[in-house]
Each structure stands twice: as C-alpha cells, then as structure tokens.
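To start, the structure itself, in structure tokens.
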Protein chains: 2
Amino acid sequence: MPVTLPAAERTAGATLHEQVYQSLRGAIMCGRFVPGRALTIRGVAAMLGTSLMPVREALRRLVAERALELLANRRVSVPHMTPARLDELCAARLALEPLAAVRALPHVDGTRLAELRQIDAGIDAALAAGEVERYLQLNQLFHLTLYRAGEPQVLIPLIESLWLQFGPFMRATIGRIGASYVLDRHVEALAALERRDPLALRLAIESDIRDGMGSLSHEELLRLYRDAAAPAERSASARE
Amino acid sequence: MPVTLPAAERTAGATLHEQVYQSLRGAIMCGRFVPGRALTIRGVAAMLGTSLMPVREALRRLVAERALELLANRRVSVPHMTPARLDELCAARLALEPLAAVRALPHVDGTRLAELRQIDAGIDAALAAGEVERYLQLNQLFHLTLYRAGEPQVLIPLIESLWLQFGPFMRATIGRIGASYVLDRHVEALAALERRDPLALRLAIESDIRDGMGSLSHEELLRLYRDAAAPAERSASARE
DNA sequence: TCCGGAAACATGTGATCACAATCGGCCGGC
DNA sequence: GCCGGCCGATTGTGATCACATGTTTCCGGA
C-alpha cells in the first residue's frame, strides 16, 4: 500500500464527504499517491473509516477539479505528468497568477501585508531547516493569501485547480531546495505591494513561478521527457 | 416550474450521471434555470426520469465546475451574477482565451481552418435569422474548436468553467444581436490563422471577447448594478 | 517453460432506504 | 395587523445492497 491516509477523524460541522475531500486533497498535494495507480473507492473508505458514499463524492469532485484523472476503466488516479501538460500548466499559471496578484494589490492592507511577511518568514525558516513539505505548504499559502485580497470568486478556483495539478508533481520532483534562491521573489513581491507598484508585483510573481519551475530536479525532468518518448513503460519510481 | 428538461432518453454507452450532467449543462448554458432558485435532486430526477444517485453526482460535478453554487442550506442553484464576478470572468477570459488561441495556432491545419470557416458561416446565418440560442451555441463551438487544436489538457477545462459561468448570464441578458457586429472578429481571427500571425490572432480574440461583453443589454447591466447596491431584494426577472 | 482460459475476486454504478436538518405554512398571541 | 413558535412536508446526507463489468489468479495443456 503506497499511502496511509490521516484517518479523517476530526468531526467538524462539515459534511463527511467534505472531510474526505480535504484529506484526499492534502494527500494528493503531498504526492502521497503514485501517479497512474488506481485509487479505489473501497480502499479509501477503509483507510478513512467511512462508507463508500462520501468517498465517491469526494473522488468525483477531485476529478472535476482535475486533481484526479478518470481512466478508461472508470477508475481514478493521480494523472501522470507529461511535458505538454507541464508546459501548459506553467503557461496557465503565468497567465492567471500575475493577473490575480495585480487585481488583489489595491485590496492589500497593512494587516494582510503583515500576514504575508509572517508567512514569508516561515518559508525562510522551513528552507533553512530543509523541511520541503512545510516549505511547499507555506509557499502555496503565501500565493493564495495574496490572491485572496479583494475576495475574488472566479480566479481562486481556477488557480487552485492548477496547483492541484502542479503540486504533486512538484512535491515528487523538487530537487535541492534553497539552492535556486539566489533571489527571493517573495521579498520582491512584498516590496512591490508596499510601493503599490502593479508592474513590479507582476514581474515578481512571474519570476517566482519561473523560479519554481527551475527548482525541479533536472534528472526528474529528463526522465519525464524520456518517458514521454516511450510511454509504454514507466520508469522505476512508478513501480512499487 | 421554471424549466422543462429534455428528458435524457438517449441511452448512450456513457454512464447515467454523465447523461444527466450533459442535460443539466445544456439547460444551464441556455439560461433555463432561474438564478438563486434551488435545484432539488428529487426534482431533477423526476424531470429526467432517473433515480437520485446520478443527479447527485451530476449536480456535485457542476458545483465543482462553478456552474452551480452551493448555498448555505446545502442546496444548489445557478449563482446570481454580480458586477464583481462579471468583471472577474471577463478578466479571466481575456487572460486565458487569447493564450489558448495563440498556443493552438501552430496546430491549426487546413482541415480545422475549413471547419472554423464553416462554423463561422453558420454563425452569420444564425445572426441573419435572429436565432439567438443557435448563435451562442455556434459562437462557443467556434472558440472551443480553435482552442482545441493541439489538444490542450489544462486550458480547455479552465475555459469551459468560465463559459459555464458566463453563458447563462449572457443568454439571459443579451440585447439585440447583430447590432454590435460592425466588425466581425471571427473573420479577423480566421485571417490571422491563415497568415499564422499570433499577434493578430490574439488581438482578434481579445476584441471578440470585449465585443461580446459590449453586446450585453445595457438595461440589464444597469439592473445588475442596482441590485448589487440593494442585494436584499432581487428585481422582477428573478421572480417567477 | 510459456501461454491461454476460466473461475474467483474486486470494483464502479445505480437503486432504495433511514434520518436529521431545513423549509413551508398555519395558528395563536401580543 | 403583525410577529413568533409549532408541526408537517420536503430535502440533502449517508448507509447498504444488487448487479454488470473488469481484473487478477490459478491451473491445465502445449
């Protein structure tokens, strides 16, 4: 079994399938599921101690959000990354996230700016401690906290769908973190926010996304391209 | 009852909830559901002659795609349009669709170009005949047929989500069609495709989207802004 | 040793049912 | 006349079951 799920035992006021959704979403973002390996309804239900129904709904929602892929067998799995999809994801992020940042800028007040600074400090700490998982979580939180200023209703779901597709791959293939941080794009973004400079903010977010792409392990990317040429057989890491 | 659904009787090989999804999606895009009015599972199931289960899954998928909104009561409805949401939808379309078009351009061959020309001819015919519904359908088909060249996997779902949110509102508030067509942006796009000119294509698509926004009935937009100021009471059209 | 087929198993889909929460209308009281 | 609380009807949620499809396993034959 490739994964142990955190047994959604928090009995929040939300519905059961919402809790299952959050558990699965977290597990996906951490790369806990092997791409291509089928996620069975009964399997997830057994891990989380629920019945089939909430799992069905959670899985279907994740498929609609493109976090999971519907196979021909009508089974679901984390989709394999392909060079074309990676390129598209990057292009979509570069189209949407700078836009979201610039639109959020007028609504960023002192409180939110302080919150962003605090998150960025946490990121630096995680980087210094080499805590990859925490770094990725906080990085996502930094971006979403910025974009959420002004309470956008349309852009956030689109961006979250992209992160859901991008996250597990990044988690699995990120190389040495910290190495590529010759320039801290978040500091640039914070400065742009303080100066209320839309263009500088756009550039900082664009650069941050590109840097994120650059931090992918080169050997993983090479394997990706190789696999794309011979898709019949996946490389070793896809095996158990 | 505000709507009669086309009784999903086509027994395609697909799953039942997929057929329900398609029926509901078509009805939503045609503006057949009154925004804010709750769509009940049992009601839809009765209209379509299915049991509750496929309807549940179809509704949940449409909620995930932001075509429907999850109310606090855990009931679903077509969301009301607000000025902020309209602005965001427009910005997202302007960010994603020109990008999708430019990325598709290198993959548009003669066959697809001919297909696009044929759709555009159909659009002109629908415009001349004053068939609003057919015009909107073909317009969507034109855009998606263009974007689908190169088989994008990421951008298409994002754009379809936007159309799903934008479509019902446009269907309900479109003014006199044809009037705003002093310039046919589709012809411009087709010319740009033939010349393989990315910049011209981008401009044509951008202009087409802006023109589409301009074709919204001004009185409807005014009512929208008025309602946004006093959201407690919706205007007459929201009542039965 | 390798291949093919059949049986046992696992899985997704859809239906039906129970139940708690919510909504609607009705009535009584202020 | 208007408001608040009560009761019935409606609704979403979750559980369990039946069934068709697809998958794996195991065994016999070449």
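To find a chain, count down the sequence lines: A is the first, B the second, and so on, and within it residues start at 1. Keep in mind that the numbers below use all heavy atoms, side chains included, and drop hydrogens, waters and symmetry copies.
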Can you tell me how far [atom2] of [Y] sits from [atom1] of [X], rounded to the nearest 0.5 angstrom?
X: B:Ile28; Y: B:Leu68; atom1: CD1; atom2: CG; answer: 4.0 Å
X: A:Ile209; Y: A:Leu162; atom1: CD1; atom2: CG; answer: 9.5 Å
X: B:Leu59; Y: B:Leu39; atom1: CG; atom2: CG; answer: 6.5 Å

Check your understanding: Where along residues 69-77 of chain A does a heavy atom come under 4.0 Å from DNA chain D, residue by residue in number order?
Key -> A:Asn73, A:Arg75

Check your understanding: Can you list, by residue number, the residues of residues 54-68 of chain B that have a non-hydrogen atom closer than 4.0 angstrom to DNA chain D?
Key -> B:Arg56, B:Arg60

Study note, to complete from the structure: Stem ranges of DNA chain D by first residue number, counting only runs of at least 3 Watson-Crick or G-U pairs under 3.5 Å, come to C:1-30 with D:1-30

**Study point:** For A:Glu69, side chain to side chain donor-acceptor pair (under 3.5 Å) partners two or more places apart
**Key:** none

Point to revise | Along DNA chain C, first and last positions that approach a heavy atom of chain B under 4.0 Å | key: C:dG14 to C:dC23

Check your understanding: Ion pair present between A:Arg66 and A:Glu160, side-chain N to carboxylate O less than 4.0 angstrom?
Key -> no

Practice item. State whether A:Arg61 and A:Glu57 are salt-bridged, where the test is any N-O pair (Lys NZ or Arg NE/NH1/NH2 against Asp/Glu carboxylate O) under 4.0 Å. Key: no

Check your understanding: Going through the checks in order, is the side chain to side chain donor-acceptor pair (under 3.5 Å) test met by B:His17 and A:Arg60?
Key -> CA-CA 11 Å; B:His17 66 254; A:Arg60 206 161 288 283; 2.9 Å; yes

Exercise for review: Answer with yes or no whether the side chains of A:Arg112 and A:His107 bring together a donor and an acceptor at under 3.5 Å.
Suggested key: no

Check your understanding: Can a donor-acceptor pair be found between the side chains of A:Glu65 and A:Tyr21 at a distance below 3.5 Å?
Key -> yes

Review point. Taking all atoms of both residues into account, what is the closest heavy-atom pair of A:Leu52 and A:Ile41, and its distance?
Key: O-CG2, 3.8 Å

Exercise for review: Would you mind reading off the distance between B:Arg37 atom CZ and D:dT10 atom C1', rounded to a whole angstrom?
Suggested key: 16 Å

Acceptor/donor pairs from residues 85-100 of chain A side chains to any protein atom, 3.5 angstrom cut, sequence neighbours excluded:
unit_1  : atom_1 : unit_2   : atom_2 : d
A:Arg85 : NH1    : A:Gln165 : OE1    : 2.9
A:Asp87 : OD2    : B:Arg103 : NH1    : 3.3
A:Asp87 : OD2    : B:Arg103 : NH2    : 2.9
A:Glu88 : OE1    : B:Gln153 : N      : 2.8
A:Glu88 : OE2    : B:Gln153 : N      : 3.3
A:Glu88 : OE2    : B:Val154 : N      : 2.9
A:Glu88 : OE2    : B:Leu155 : N      : 2.9
A:Arg93 : NE     : A:Glu97  : OE2    : 2.6
A:Arg93 : NH2    : A:Glu97  : OE2    : 3.3
A:Glu97 : OE1    : A:His143 : ND1    : 3.3
A:Glu97 : OE1    : A:Tyr147 : OH     : 2.5
A:Glu97 : OE2    : A:Trp163 : NE1    : 3.0

Review point. Is a side-chain donor or acceptor of A:Ser161 paired with a backbone partner of A:Pro157 at a separation under 3.5 angstrom?
Key: no

